[in-house]
> 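Just passing along the structure, written as structure tokens.
Computed from heavy atoms alone, side chains included, the values below leave out hydrogens, waters and symmetry copies. Owing to the predicted nature of the structure, the values given are computational and were not obtained by experimental measurement.
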Amino acid sequence: MVLVDKKILSGGLAMLIVGIGLIAYLNSSVPIGMAGMSPEEALDLMKKERMHTDYSTLAAILTSIGFLLVLISFGARRRKGGSKQIEKKPAAPT
């Protein structure tokens with residue numbers, strides 16, 4: 001039986017799924033230019049391309065953080081009860 005922190009796992013999976021969905025959507029809607037565009041249209045296209053690149057970067061960051069949370073959830077263990085502090089008595093001088 002594998003010890004998994006379910007809260008971290010579910011949050012990581014949610015972030016991973018949303019990130020992959022955003023990447024798929026952004027890859028299907030890439031701005032495209034045409035030949036013979038006016039300078040204003042070319043500038044607008046460059047702005048849209050820059051925004052698309054920035055959104056793709058954010059979606060990739062979201063996906064990678066979700067993946068890291070999934071990996072961390074397999075190593076995270078909850079301790080039952082509080083942490084116990086053990087005090088060592090100093091050795092008696094001889």
Side-chain angles (χ1 to χ4, degrees):
M1 184 170 157
V2 178
L3 297 174
V4 178
D5 190 354
K6 292 179 180 159
K7 288 182 182 180
I8 296 176
L9 179 66
S10 62
L13 284 175
M15 290 174 74
L16 191 64
I17 291 169
V18 170
I20 290 173
L22 284 173
I23 289 173
Y25 172 73
L26 289 171
N27 285 336
S28 68
S29 63
V30 178
I32 300 173
M34 299 178 285
M37 294 190 331
S38 67
E40 293 85 21
E41 291 173 336
L43 181 64
D44 187 42
L45 176 65
M46 287 192 302
K47 287 180 182 178
K48 287 181 182 178
E49 286 175 345
R50 178 61 187 240
M51 188 180 300
H52 181 268
T53 304
D54 293 342
Y55 282 147
S56 295
T57 303
L58 289 174
I61 290 170
L62 179 69
T63 305
S64 61
I65 291 174
F67 181 70
L68 285 175
L69 284 176
V70 169
L71 290 178
I72 289 170
S73 71
F74 287 105
R77 295 182 188 164
R78 290 194 170 212
R79 295 184 180 176
K80 295 187 179 184
S83 61
K84 297 179 183 177
Q85 294 182 356
I86 300 173
E87 294 184 21
K88 294 184 178 180
K89 295 181 182 179
T94 56

> Could you work out, with side chain to side chain contact (heavy atoms under 4.5 Å, CB included) as the rule, every residue matching Ser29, not counting sequence neighbours?
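By the side chain to side chain contact (heavy atoms under 4.5 Å, CB included) rule, Ser29 matches Tyr25.
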
> First locate atom CD1 of Ile20, then atom CZ of Phe67, and finally report the distance between them rounded to the nearest 0.5 Å.
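Ile20 CD1 to Phe67 CZ: 10.0 Å, rounded to 0.5 Å.
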
> Between His52 and Pro31 (side chain of the first, backbone of the second, donor and acceptor by atom type, cut-off under 3.5 Å), is there such a pair?
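No, because the side chain of His52 does not come within donor-acceptor range (under 3.5 Å) of the backbone of Pro31.
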
> How does the hydrophobic cluster around Leu45 look, that is, which other residues are in it when side-chain heavy atoms under 4.5 Å mark a link?
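Leu45 shares its hydrophobic cluster with Met34, Met37.
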
> How long is the straight-line distance from CG of Leu68 back to OG1 of Thr63, given to the nearest 0.5 Å?
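Spacing of OG1 (Thr63) from CG (Leu68) equals 11.0 Å.
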
> Between Tyr55 and Met46, is there shared hydrophobic-cluster membership here, with clusters defined by ILVMFWY side-chain heavy atoms closer than 4.5 Å?
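They do not share one cluster, since no chain of ILVMFWY contacts under 4.5 Å joins Tyr55 to Met46.
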
> With sequence neighbours left out, which residue pairs that include part of residues 11-28 fulfil the salt bridge (charged side-chain N to carboxylate O under 4.0 Å, His left out) condition?
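For residues 11-28, and leaving out neighbouring residues, there are no salt bridge (charged side-chain N to carboxylate O under 4.0 Å, His left out) pairs at all.
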
> Taking only residues two or more places apart in sequence, or in another chain, which ones meet Ile61 in a side chain to side chain contact (heavy atoms under 4.5 Å, CB included)?
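If we apply the side chain to side chain contact (heavy atoms under 4.5 Å, CB included) test to Ile61, skipping adjacent residues, the hits are Thr57, Ile65.
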
> Return the CG to OG distance between Asn27 and Ser56, rounded to the nearest 0.5 Å.
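Answer for the CG-OG pair, Asn27 versus Ser56, is 6.0 Å.
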
> Going by the salt bridge (charged side-chain N to carboxylate O under 4.0 Å, His left out) test, which pairs reach into residues 48-59, not counting sequence neighbours?
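Counting only pairs at least two positions apart or across chains, the salt bridge (charged side-chain N to carboxylate O under 4.0 Å, His left out) contacts touching residues 48-59 are Asp44-Lys48, Arg50-Asp54.
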
> Side chains of residues 8-18: which donor-acceptor partners sit under 3.5 Å, not counting sequence neighbours?
unit_1 : atom_1 : unit_2 : atom_2 : d
Ser10  : OG     : Lys6   : O      : 3.0
Ser10  : OG     : Lys7   : O      : 3.0

> For Leu26 and Ala59, which heavy atoms make the closest approach, and how far apart are they?
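Looks like CD1-CB, 4.3 Å.
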
